[in-house]
Visitor: 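Sharing a structure below in structure tokens format, with a few things to ask.
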4 protein chains.
Amino acid sequence: MNVQLTSAEKKQAIFESTLRLISDYGFHGTPISQIAQHAGVATGTIYHYFASKDELIVELFRYSKQKIQDATFRDHDASAEYHNRFVTTWINLVKYYVQYPQVLSFFEQFYSSPYVKEIFTDETVCFQDEISLFLKEGIRDGYIKQLDINIISAAFLGTVIATAKRGTSQYFKFSEEDLENMVGIIWDGIKK
Amino acid sequence: MNVQLTSAEKKQAIFESTLRLISDYGFHGTPISQIAQHAGVATGTIYHYFASKDELIVELFRYSKQKIQDATFRDHDASAEYHNRFVTTWINLVKYYVQYPQVLSFFEQFYSSPYVKEIFTDETVCFQDEISLFLKEGIRDGYIKQLDINIISAAFLGTVIATAKRGTSQYFKFSEEDLENMVGIIWDGIKK
Amino acid sequence: MNVQLTSAEKKQAIFESTLRLISDYGFHGTPISQIAQHAGVATGTIYHYFASKDELIVELFRYSKQKIQDATFRDHDASAEYHNRFVTTWINLVKYYVQYPQVLSFFEQFYSSPYVKEIFTDETVCFQDEISLFLKEGIRDGYIKQLDINIISAAFLGTVIATAKRGTSQYFKFSEEDLENMVGIIWDGIKK
Amino acid sequence: MNVQLTSAEKKQAIFESTLRLISDYGFHGTPISQIAQHAGVATGTIYHYFASKDELIVELFRYSKQKIQDATFRDHDASAEYHNRFVTTWINLVKYYVQYPQVLSFFEQFYSSPYVKEIFTDETVCFQDEISLFLKEGIRDGYIKQLDINIISAAFLGTVIATAKRGTSQYFKFSEEDLENMVGIIWDGIKK
DNA sequence: CATGAATGAGGATTCATTCAT
DNA sequence: GATGAATGAATCCTCATTCAT
């Protein structure tokens with residue numbers, strides 16, 4: 001039996017229960033004790049893996065960010081046509097959030113909280129994620145308008161988030177066609 | 001000079017103090033005692049105006065929502081051309097959030113928190129705000145695509161928020177031209 | 001119109017609502033604000049009549065004590081036969097408490113609270129109430145056993161209270177006969 | 001010597017500290033913080049053992065009730081003559097209260113407070129304690145009058161309480177003979 | 001006299017964190 | 001490593017009391 005694996009599994013169990021609980025009850029509403037209980041470990045154990053609740057949350061952010069990136073670009077074919085890659089990426093991202101609404105909810109909370117400051121301490125780290133790089137590529141190669149990455153990124157991510165949020169509401173479900181319409185709007189808007 | 005504040009003024013002072021502090025330190029990070037101190041009243045006084053911290057926050061949401069709506073549609077001329085009204089409304093909203101970043105920050109926190117459930121208890125109340133009505137009007141009158149209000153609204157508000165967020169970052173300032181480019185993207189995307 | 005009367009009436013209204021509320025919710029559970037509301041006056045008004053909540057309660061005790069005494073001895077004929085007077089007094093007292101259970105409840109709370117110390121500061125004031133005097137008379141005149149007033153009084157009042165308490169329970173109602181049986185027990189026990 | 005207290009011992013320490021303080025200062029007058037300090041634990045620790053102050057008080061009631069019952073019936077010989085058992089039980093109970101006046105004081109406060117409702121929710125649980133059963137036995141077997149248990153119990157307990165209260169006053173001490181006189185009164189009153 | 005808004009000390013409760021086992 | 005009892009600082013909220021009107 002591999003103890004290393006067990007340790008990683010335990011860490012993941014802590015991540016998953018944190019994600020679910022924070023998504024349901026908010027940062028404030030989820031005590032460490034409850035996270036521990038849900039994850040099937042003792043409170044003290046969490047402090048073996050994370051120095052503090054804050055660190056747990058920041059680590060969870062990094063963990064989730066990575067998982068999203070992996071999922072969004074899993075089948076990404078860098079040699080394919082840019083427009084197709086754009087559509088696929090946008091839809092993948094929306095679908096991921098719709099499938100894992102806790103992640104969307106956690107991200108939204110995270111970005112609107114004082115925690116962000118711990119992550120984005122200076123500009124250098126911004127826009128280095130795969131999505132920003134993909135969008136920069138589109139600008140550079142002339143597929144999309146020569147606008148600031150801030151504008152393009154706002155159009156791309158703003159609509160992803162807004163769409164995914166509505167897609168997880170209990171009152172409305174987007175069809176595949178809706179999504180294609182939606183990404184069509186964006187593409188029409190930012191394509192060169 | 002009248003040092004004696006009316007009841008409404010005191011309530012507003014509490015609102016403003018709450019807004020600023022929550023925007024800086026989050027729901028969790030701003031104790032009632034601090035809100036009171038900043039507003040220049042005693043802790044107990046807050047409980048004359050609001051039954052609980054939760055109620056204060058929910059009321060602050062309504063108050064801010066109203067102020068935004070007033071500001072966005074202040075000079076709205078319903079008889080003007082739809083495209084112009086669209087551009088003006090989108091830009092007004094972005095500018096409001098950029099001018100009052102605490103409101104944006106508070107809204108983002110509010111929408112990602114368990115509080116929303118207290119406000120949006122059923123579907124009937126959704127999409128009845130002035131912005132949604134304005135967008136519905138555009139769909140009905142054939143100025144914008146015949147898509148679900150969820151889609152149109154996501155495109156409109158998602159980009160407003162995403163743009164305003166970037167506009168309040170310390171590293172980037174949108175010019176008037178940037179904003180017009182941005183709203184151009186959306187309009188190109190959703191116009192009929 | 002007589003303002004003096006209005007003042008007295010207001011004081012009585014405060015007493016009555018205090019009595020009812022304390023009986024229902026306890027000393028702890030009834031804030032001055034609630035007493036004021038029930039009595040139809042402002043909180044501040046209560047402080048015109050009573051220096052503090054404590055004083056209000058101690059005054060209410062004296063007021064209720066007086067009312068009980070008046071009711072119990074209203075038709076008392078000091079020239080009647082002792083045994084009959086004993087039976088009548090015991091039954092009157094029980095009936096009073098059963099009719100005004102708030103008074104019983106308030107008294108019980110009062111006697112078990114630190115307030116008593118404010119009333120019975122030394123022995124001199126004890127056993128000077130009419131009931132004690134009536135019992136002492138019985139001992140002196142040889143109708144009841146030559147025991148300490150503490151014993152006789154315990155037998156008399158202990159059974160009154162215990163009987164009245166059971167009589168106000170929702171599950172049991174004493175008949176006139178029950179009461180006569182009960183006082184018979186006491187009389188049989190303490191008569192000479 | 002074992003400085004480490006077991007869970008049960010710590011709970012008992014909290015009980016004893018609560019009993020003493022409530023008896024001296026009343027429910028209202030004894031903050032959790034003081035209970036904790038007297039018991040030699042941290043405030044938070046109390047909340048490991050009891051969900052709330054209310055629960056602590058209700059649990060303390062049960063704990064004390066059990067202790068009293070154990071003490072009163074410790075040497076009870078069910079095969080002895082009924083009259084003797086009656087005298088012994090009555091006197092044991094008075095002596096217990098006189099020895100542990102905090103228990104008497106706590107009970108009196110408890111019974112006159114809104115807490116009772118949490119304990120006695122329906123009639124079925126009443127009169128099932130050992131004392132009531134003992135009195136019912138006396139009625140059934142013809143040693144005492146065929147009166148309702150409410151009446152008999154009122155006569156028994158009412159006099160116990162009233163006697164014990166006077167016995168704990170600083171101004172009067174019952175002698176063994178006084179107690180025998182007192183129980184003689186009751187017995188004479190309720191015996192068949 | 002009467003009012004009730006304002007005060008702020010005090011109290012119940014929570015929860016991140018520690019540490020002896 | 002893992003546990004979870006213990007800690008106590010921090011927070012929300014209550015309410016007796018005051019005082020300007």
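Sequence lines set the chain letters: A, B, ... in the order given, protein chains first and strands last, and positions in each chain run from 1.
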Visitor: Is the F15(A) to F106(A) ring centre distance short of 6.0 Å?
Guide: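 For F15(A) and F106(A), the ring centres are not under 6.0 Å apart.
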
Visitor: Is Y63(A) close to Q12(A) at the side-chain level, that is, under 4.5 Å between some pair of heavy atoms?
Guide: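 Q12(A) reaches Y63(A) side chain to side chain.
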
Visitor: To the nearest Å, how far apart are E55(D) CD and dT13(E) C1'?
Guide: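 It works out to 14 Å between those atoms.
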
Visitor: Pick the C1' atom in dC1(E) and in dT21(F), then give their distance to the nearest Å.
Guide: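 The answer is 13 Å between these two C1' atoms.
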
Visitor: Are F110(D) and L60(D) packed together at the side-chain level, in the sense that at least one heavy-atom pair is separated by less than 4.5 angstrom?
Guide: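 No, every pair of side-chain atoms sits at 4.5 Å or beyond.
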
Visitor: The side chain of H48(B) is closest to which nucleotide in this list: dA5(F), dA6(E), dA2(E)?
Guide: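 Among dA5(F), dA6(E), dA2(E), the one nearest the side chain of H48(B) is dA6(E).
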
Visitor: I want to verify a distance call: between dT7(F), dC12(F), dT17(F), whose nearest atom is closest to the V41(D) side chain?
Guide: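 The listed nucleotide nearest to V41(D)'s side chain is dT7(F).
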
Visitor: Q37(B) has an atom CD; how far is it from atom C1' of dA6(E), in whole Å?
Guide: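 After rounding, the gap between these two atoms is 17 Å.
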
Visitor: Could you check how far CD of E9(B) sits from C1' of dA5(E), rounded to whole Å?
Guide: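 To the nearest whole Å, that distance equals 15 Å.
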
Visitor: Looking only at heavy atoms, what is the nearest atom pair of S64(C) and L19(C), with distance?
Guide: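 It is OG-CD1, 4.2 Å.
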
Visitor: Parallel, tilted or perpendicular, judged at 30° and 60°: which one describes the rings of Y111(D) and F61(D)?
Guide: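 Because their plane-to-plane angle is over 60°, the rings of Y111(D) and F61(D) count as perpendicular.
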
Visitor: Out of dA2(F), dA6(E), dT7(F), which has the shortest distance to the side chain of Y49(B)?
Guide: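 In terms of side-chain proximity for Y49(B), the closest of dA2(F), dA6(E), dT7(F) is dA6(E).
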
Visitor: At 4.0 Å (heavy atoms only), tell me whether F50(D) reaches a base, stays on the sugar-phosphate, or touches nothing.
Guide: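 Nothing, no nucleic acid heavy atom in range.
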
Visitor: Pick the closest DNA chain F nucleotide for K53(C) and for I32(B) by heavy atoms, then say which residue is nearer the 5' end.
Guide: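 With K53(C) and I32(B) compared, the 5'-side residue is I32(B).
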
Visitor: Find the distance I35(C):CD1 to dA16(F):C1' and express it as a whole number of Å.
Guide: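 Distance check: I35(C) CD1 to dA16(F) C1' gives 11 Å.
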
Visitor: Identify the residue among L21(A), T18(A), T30(A) that makes a side-chain contact (heavy atoms from CB on, under 4.5 Å) with H38(A).
Guide: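 Exactly one option meets the side-chain contact (heavy atoms from CB on, under 4.5 Å) with H38(A), and it is L21(A).
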
Visitor: Hey, which of these two, I46(A) or A51(B), hits DNA chain F nearer its 5' end, going by closest nucleotide?
Guide: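 It is I46(A), whose closest nucleotide lies nearer the 5' terminus.
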
Visitor: On DNA chain E, check which nucleotide each of S33(A) and G40(C) is closest to and give me the residue with the more 5' one.
Guide: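 Checking each residue's closest nucleotide, the 5'-ward one belongs to G40(C).
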
Visitor: Without decimals, in angstroms, what is the distance between I57(A) CD1 and dC15(E) P?
Guide: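 These atoms are roughly 13 Å apart.
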
Visitor: Check whether any side-chain nitrogen or oxygen of K10(C) sits under 4.0 Å from OP1 or OP2 of dC1(E), and answer yes or no.
Guide: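 No, K10(C) has no side-chain N/O under 4.0 Å of OP1/OP2 on dC1(E).
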
Visitor: Any idea which of dT14(F), dG4(E), dG8(F) is nearest the T43(D) side chain?
Guide: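 Nearest to the side chain of T43(D) among the choices is dG8(F).
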
Visitor: How close or far is atom P of dT14(F) from atom OH of Y25(C), stated in whole angstroms?
Guide: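 Those two atoms, OH and P, are 16 Å apart.
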
Visitor: What would the secondary structure line of DNA chain E be in dot-bracket form, counting Watson-Crick and G-U wobble pairs under 3.5 Å, with [ ] for pairs that cross earlier ones and | for pairs with another strand?
Guide: .||||||||||||||||||||

Visitor: Answer yes or no: is there a side-chain heavy-atom contact under 4.5 Å between Y97(A) and T168(A)?
Guide: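 Y97(A) vs T168(A): side chains apart.
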
Visitor: Would you indicate which nucleotide in dA6(F), dC12(F), dA2(F) comes nearest to any side-chain atom of T45(D)?
Guide: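 Of the options given, the side chain of T45(D) lies nearest dA6(F).
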
Visitor: Quick one: are I161(B) and I161(A) in side-chain contact, heavy atoms under 4.5 Å?
Guide: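 Not touching, per the 4.5 Å side-chain cut-off.
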
Visitor: Rounded to whole angstrom units, what separation is found between the NE2 atom of H28(C) and the C1' atom of dC15(F)?
Guide: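 Rounded to the whole Å, the gap is 9 Å.
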
Visitor: How many whole angstroms separate atom CD of Q34(B) from atom P of dA9(F)?
Guide: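 Value for this atom pair: 19 Å.
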
Visitor: Counting heavy atoms from C-beta on, name the nucleotide in dT14(E), dT17(F), dT17(E) closest to the side chain of Y47(C).
Guide: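 Per side-chain heavy atoms of Y47(C), the pick is dT17(F).
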
